[in-house]
Amino acid sequence: MKIEVDRKYLTYADMELDALSCVRCELCDTRKNVVLCDGTLDAKVMVIGEAPGASEDEQGKPFVGRSGQLLIKLFSQIGINREEIYIANVLKCRPPENRDPSRIEISQCSPFLQAQINFVSPKVIVPVGNFASKYILSTKEGITKIRGKKFKLHNSIVIPTVHPAYVLRNGKKAQDDMLSDLLNVSKELRDS
Ligand code: URA
C-alpha cells in the first residue's frame, strides 16, 4: 500500500494543528486523545508503530504501555534513550479493541505520517512489526523476511524490526532478534 500525499503542510505546526483536531474517520468518535508523536524534530531515529493502544490513548503519547517500556529498554541497550527518538504510529487514533486499522483509516491518516517523515527527515526509520513495516516499505514481504535489513526511503534508511508486543509474547529468541536489528540501527547511525 502506498503512502498517499493528498494533503501537504507548509509547516510542522500546520500539520500538528490539523492532526490534533482531525475528524476524518470514525476513530475520532471513540478516541480519548490523538496520539501524534513523542520526540523532537531533530531526532536522527524515528520509530513507527501501528496504532495507539489503551495506555497511549489515555496519555496522548505513543509507546508508553508495556510494549513501549520494552522498546525503550532495548534502545537503551544500544545507547539511545527515549529523548533521542521521534516516535509515531501509522494511525494517530486508537482502533476500538485494538482491531486492525481499516483501509479508509489508513488513507485518511497517512498524510500526517508522510509530513512527519518529511519534517523530521531522520537518518534511520525503524518501523516495528509487520503492519508498520509493510506499510512503510509498500511491500507484501513479512517481517521475518525483512527484519534487520536496510532499505532506502527518501533521505532515510529504513531498518524494520519485530514489534515489542511480539517480543513480550515470544520471549528470549524474539528479544535477541530485536536487539540484533537495533544494533544494525546503531551501526547505520555511526557509519552515516
Ligand atoms: N503499539 C503500537 O504499535 N504503537 C503504540 O504506540 C503502542 C503500542
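Please read these numbers as outputs of a predicted model, since none were measured by experiment. Every number for a ligand or one of its atoms is a count from 1 in the order of the listing.
Residue contact check for ligand 1: Ala51 places a non-hydrogen atom closer than 4.0 Å to it.
For Glu50, a nitrogen or oxygen atom sits less than 3.5 Å from a nitrogen or oxygen atom of ligand 1, counting backbone and side chain alike.
Here the straight-line distance linking atom CZ of Arg169 with atom OG of Ser67 works out to 8.5 Å at 0.5 Å rounding.
Using a 4.0 Å cut-off to heavy atoms of Pro62, the atoms of ligand 1 that qualify are 6 (O). For ligand 1, the atoms lying closer than 4.0 Å to a non-hydrogen atom of Gly49 are 3 (O).
Residue Glu16 places its CD atom among more than 12 non-hydrogen atoms of other residues, nucleotides or ligands, all under 6.0 Å distant. Around atom NZ of Lys152, more than 12 heavy atoms belonging to other residues, nucleotides or ligands sit under 6.0 Å away.
Between Lys44 and Glu84 no salt bridge is recorded (no basic side-chain N to carboxylate O distance below 4.0 Å).
Following chains of ILVMFWY side-chain contacts shorter than 4.5 Å, one can reach Leu20 starting from Leu41, so the two form part of one hydrophobic cluster.
From the protein, the heavy atom lying nearest to atom 8 (C) of ligand 1 is Phe63 CE2, 3.7 Å. Looking only at protein heavy atoms, the nearest one to atom 4 (N) of ligand 1 is Asn89 OD1, 2.7 Å. Protein heavy atom nearest atom 1 (N) of ligand 1, with residue, atom name and distance: His163 NE2, 3.3 Å.
Using a 4.5 Å heavy-atom threshold, the side chains of Ile146 and Ser133 count as touching.
With a 4.0 Å cut-off on non-hydrogen atoms, Glu56 touches ligand 1 through its side chain and not its backbone.
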